[in-house]
Amino acid sequence: MAYSCSTESDCIKLRLYGVVQGVGFRPFVAKLAAEHGILGTVKNSGGCVEIVACGQALSLSAFEQALFAHKPNHAQIVYMEKEILPFRDYTEFSILPSDESTGRIFLPADLPVCDSCLVEMEDPSNRRHLHPFISCMSCGPRYSVIERVPYDRDTTTMCDFAMCEACNHEYTNRADRRYHAQTISCHDCGPVLYFKDTSGNISQRAEALDKAVKALQKGGIVAIKGIGGYHLACTPFDQEAVERLRRLKQREHKPFAVLFENVRSIREYCRVSEQEEALLGSPARPIVLLHQGKKRFAPSVCNKSRFVGCFVTYTPLQAMLLKRCGPLVMTSANVSEDPIIKDDEAMFAWQSPLLSGVLYNDRRISIRLDDSVCKITCGRELVLRRSRGYAPLPVVMQGKLHQDTCVFAAGGHLKCSFCFANAPFATLCEHMGDMDSEQNAQAYQENYKRIKELFAFDPKLAICDLHPAYFSTGFAKTLGLPTIQVQHHHAHIAAVIAEHDLQGKVIGVAFDGTGYGTDGAVWGSEFLVCEGDGYKRAAHLKYVTQLNGDEGMKDAKKSALCHLYAAGLESEIDDNRWPVIKAAIDNKVNVHQSSSVGRLFDAVSAYLGICDYNRFEAECALTLENLAAEASEQNVDPIPMAFGIEEESGMLLLDSKPLWQELFANKTKDLRALSLGFHTAVAQAIIDSCIRLREDTKSNTVALSGGVFQNEVLFTLAVKGLEEQGFKVYTNQAVPQNDGGIALGQAYIALAENN
Ligand code: ZN
Ligand code: ZN
Ligand code: FE
């Protein structure tokens, strides 16, 4: 359509923030401009897309609407700035070179292979037939290959691969679906697939794939280079193979995730709701914890868990592999809690007779990313581990916040993640794991430096936990910035407030394993009335003396001894360590006061003989929960039990003594009924306390946070019970409920404007 500028024409500048780079946004804008008779320019600027659009007022507003309505598949506009410019007579609409001007920087998360690419990959007449690295404008690796901004081919690890003529033609052809697609390649110019067997023999391309498939089919374990690091894979049907994988990882008990070709094949093993199906197929392609059905894998895959972590293939290579091998156990290649291996040399250095070979390629991984883990509980989508597919998308913080100040929030200790926040955006670092691992602590420091530089963050303030021994606390204090220390459970609740824009007084319930309290005790069952950046502790479990040290956290039997003693049930203790432990408690040596509800779950699980040692985090609580879930499903009535509630100088204290008396009186009864009784009592204590706090605060808003709420039975009972009482119940959804989410809360507390 011919278009000539008239005097009624306007000129506007739009700056679009969010994921607008690497998703074909500029060509999309150019096409849209042509359709609406708009002239001007579009370019990547720092991390946003800047559009100068000139045209008739009506066309401009239609163009603006269409930007949002028809944006490319995986684009995400977080917000838009608009400016009126003096009219300028453009002769065309052009895509300008990227400009590196600073400003807010947003980078895309990795994207799963799209359907169009899969079709091409399977088409023998296509020049990318069986190309394991096929990608286009709307799919392929993104964050994991980025080295600098702005996102362009030569700022990613794809810069190692010069495009061939055919690829370059697609890249420069505006009508092509690979126009300006930074990660494209083909058999002639792209990364090459290799397989290295145990004797060091290397094969490549189709032969490499064949060898890996054969090794997997024979029950071998193959290391496979993925998007954010290496996976270790084996068939989930061969118990011996899965056991071998556990030995290789030195992780004896934690459940493994299973990768499937599609949701249809998942349904053979698990119940999948519509909401779960949507989550499985979402761009992040997270591992989704699903309830197991009748058909089972080898028992070692899930071990004691009643959930199976399932996910759907997200790379072309995975799609090819699974087509030939069927579902595969896929677990990150690392020892125990160390960071996932991303570099080839590190993978090759892992020599083990348990490993059948390494399937790799010559595309470097820039950023290490684990698979993300999610689940749906009470119709709410919860993220348990926020990494590939989510990182580095910002979480938008709601509410009245100080603008133009960048802050660094250091996070927690276990399941650690930090964030840089510049209202209203918080950029969380991908999941890093347990900071007791030296390698994780090392990764933390590297990630701080990398993310700070990549996003050009310039923090003026550091926020960290109160706990003096957290690695993250120590790190924050080395930055030479003014530092604020924030109470752990306050940060948990503030993260919920930040996400959901909760106004006024909020009754926060933070239930977890441990958090350093302002009185030097270990907190972990906190009812905090929060408002703005402040809080008041209003209720908690009555303190029980617990033993210091990590072993006290793992050894649930020790927690049980402490609880039994506190409940006046010393006669129930049958443990040859007791005289020493009793002396420690009586003489207050190497002990602390604890309101941890996590320890209470451990203690009950151990006392009932269900599980008495946490070989992985929360194993005792998980096995207790399994029995409670079984009781619910089989309509077994819970054995009634309850906490006492007392008030002491304005503080509600939940006393577990009466509950222990009931456990003692009924200990020979059905364990399922006892477990469900216990879960019901904890939920009821939450509901009763919130009702009492509502009287004082006049607040109907409850925020639930903390790792203990990952317990589905407890979370469901608490949410339903609170809702029945007329409460509005919120929890973390964009960030984990566990300590992976507290950095967001820390940042919010620092940025919240005082009331
Ligand atoms: Zn594609
Ligand atoms: Zn090519
Ligand atoms: Fe916590």
Side-chain angles (χ1 to χ4, degrees), residues 22-24 72-74 110-122 126-129 131-142 153 158 161-172 176-179 181-192 283 314-316 319 384 411-417 434-435 465-467 470 472 486-496 508-517 522-526 528 553 595-599 617-618 704-710 732 735-746:
V23 288
N73 266 345
H74 296 297
D110 296 290
L111 296 168
V113 59
C114 74
D115 290 343
S116 310
C117 284
L118 282 178
V119 167
E120 287 186 6
M121 189 181 84
E122 272 152 31
N126 192 285
R127 70 185 193 88
R128 289 191 181 85
H129 181 227
H131 181 46
F133 307 100
I134 189 167
S135 72
C136 71
M137 203 152 77
S138 31
C139 79
R142 296 289 187 267
R153 186 165 180 111
M158 285 305 290
F161 307 94
M163 270 184 271
C164 68
E165 210 174 302
C167 285
N168 194 52
H169 180 74
E170 295 166 316
Y171 186 80
T172 49
D176 199 278
R177 67 183 198 89
R178 291 195 169 84
Y179 178 59
Q182 314 302 352
T183 55
I184 63 164
S185 67
C186 68
H187 290 293
D188 296 332
C189 67
V192 173
Y314 54 87
T315 73
L384 281 67
H413 190 73
L414 297 168
K415 302 185 187 300
C416 190
S417 175
D434 181 351
M435 287 300 127
D465 198 272
L466 265 187
H467 203 303
Y470 275 9
S472 57
V486 169
Q487 202 281 323
H488 185 92
H489 302 94
H490 183 205
H492 267 304
I493 301 305
V496 183
V509 186
F511 271 26
D512 64 3
T514 60
Y516 199 79
V522 171
W523 294 9
S525 57
E526 309 311 308
L528 309 176
M553 282 168 63
S595 61
S596 164
V597 74
R599 291 294 82 74
E617 196 199 6
L704 303 179
S705 186
V708 167
F709 286 116
Q710 284 172 198
N732 308 99
V735 298
Q737 292 172 313
N738 60 49
D739 288 4
I742 69 170
L744 178 68
Q746 292 172 339

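As the structure lists them, so they are numbered: ligands from 1, and atoms in each ligand from 1. Quick note: residue numbers are just sequence positions, from 1. Please read all numbers here as calculations on a predicted model, not as lab measurements. Because only heavy atoms are used, hydrogens play no part in the values below, and waters and symmetry mates are left out as well, while side chains stay in.
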Please report the interatomic distance [atom1]([X]) to [atom2]([Y]), rounded to the nearest 0.5 Å.
| X | Y | atom1 | atom2 | value |
| --- | --- | --- | --- | --- |
| Arg599 | Asp512 | CZ | CG | 9.5 Å |
| Tyr179 | Glu170 | OH | CD | 14.0 Å |
| Ile493 | Leu704 | CD1 | CG | 7.5 Å |
| Met435 | Ser472 | CE | OG | 8.0 Å |
| Met163 | Asn168 | CE | CG | 5.0 Å |

(request) Please state whether the rings of His492 and His489 are parallel, tilted or perpendicular, taking 30° and 60° as the class boundaries. (result)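 Rings of His492 and His489: tilted, as their planes differ by 30° to 60°.
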(message) Quick check for you: within a radius under 2.8 Å, how many protein N, O or S atoms neighbour the Fe ion (ligand 3)?
(response)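 My tally for this metal is 4.
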(message) Restricting to under 2.8 Å, identify the protein N, O or S atoms around the Zn ion (ligand 2) as residue plus atom.
(response)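 Protein N/O/S atoms under 2.8 Å of the Zn ion (ligand 2): Cys164 SG, Cys167 SG, Cys186 SG, Cys189 SG.
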(request) Let me see the working for His488 and Asp739 under side chain to side chain donor-acceptor pair (under 3.5 Å), right down to the final yes or no. (result) CA-CA 9 Å; His488 185 92; Asp739 288 4; 3.2 Å; yes
(message) With heavy-atom distances below 4.5 Å as the criterion, would you say the side chains of Phe709 and Asn732 are in contact?
(response)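 Result no, sub-4.5 Å side-chain heavy-atom pair not found.
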(message) So Asp110 and Pro141, do their side chains get closer than 4.5 Å, heavy atoms only?
(response)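 Yes; the side chains approach each other to less than 4.5 Å.
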(message) If I only include protein atoms of type N, O or S, how many are less than 2.8 Å from the Zn ion (ligand 1)?
(response)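 Protein heteroatoms (N, O, S) closer than 2.8 Å to the Zn ion (ligand 1) number 4.
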(request) Taking side chain to side chain contact (heavy atoms under 4.5 Å, CB included) as the test, write out the residues that go with Ser116, two or more places apart. (result)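 Per chain and number, Ser116 pairs via side chain to side chain contact (heavy atoms under 4.5 Å, CB included) with Cys114, Arg177.
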(message) Between Ser595 and Gly524 (side chain of the first, backbone of the second, donor and acceptor by atom type, cut-off under 3.5 Å), is there such a pair?
(response)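 Yes: the side chain of Ser595 pairs with the backbone of Gly524.
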(request) Examine distances only and state if a side-chain atom of Arg153 and a backbone atom of Ala162 form a donor-acceptor pair shorter than 3.5 Å. (result)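 No: the side chain of Arg153 does not pair with the backbone of Ala162.
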(request) Taking atom NE2 of His169 as the centre, report whether more than 12 heavy atoms of other residues, nucleotides or ligands fall under 6.0 Å from it. (result)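 Result for NE2/His169: open.
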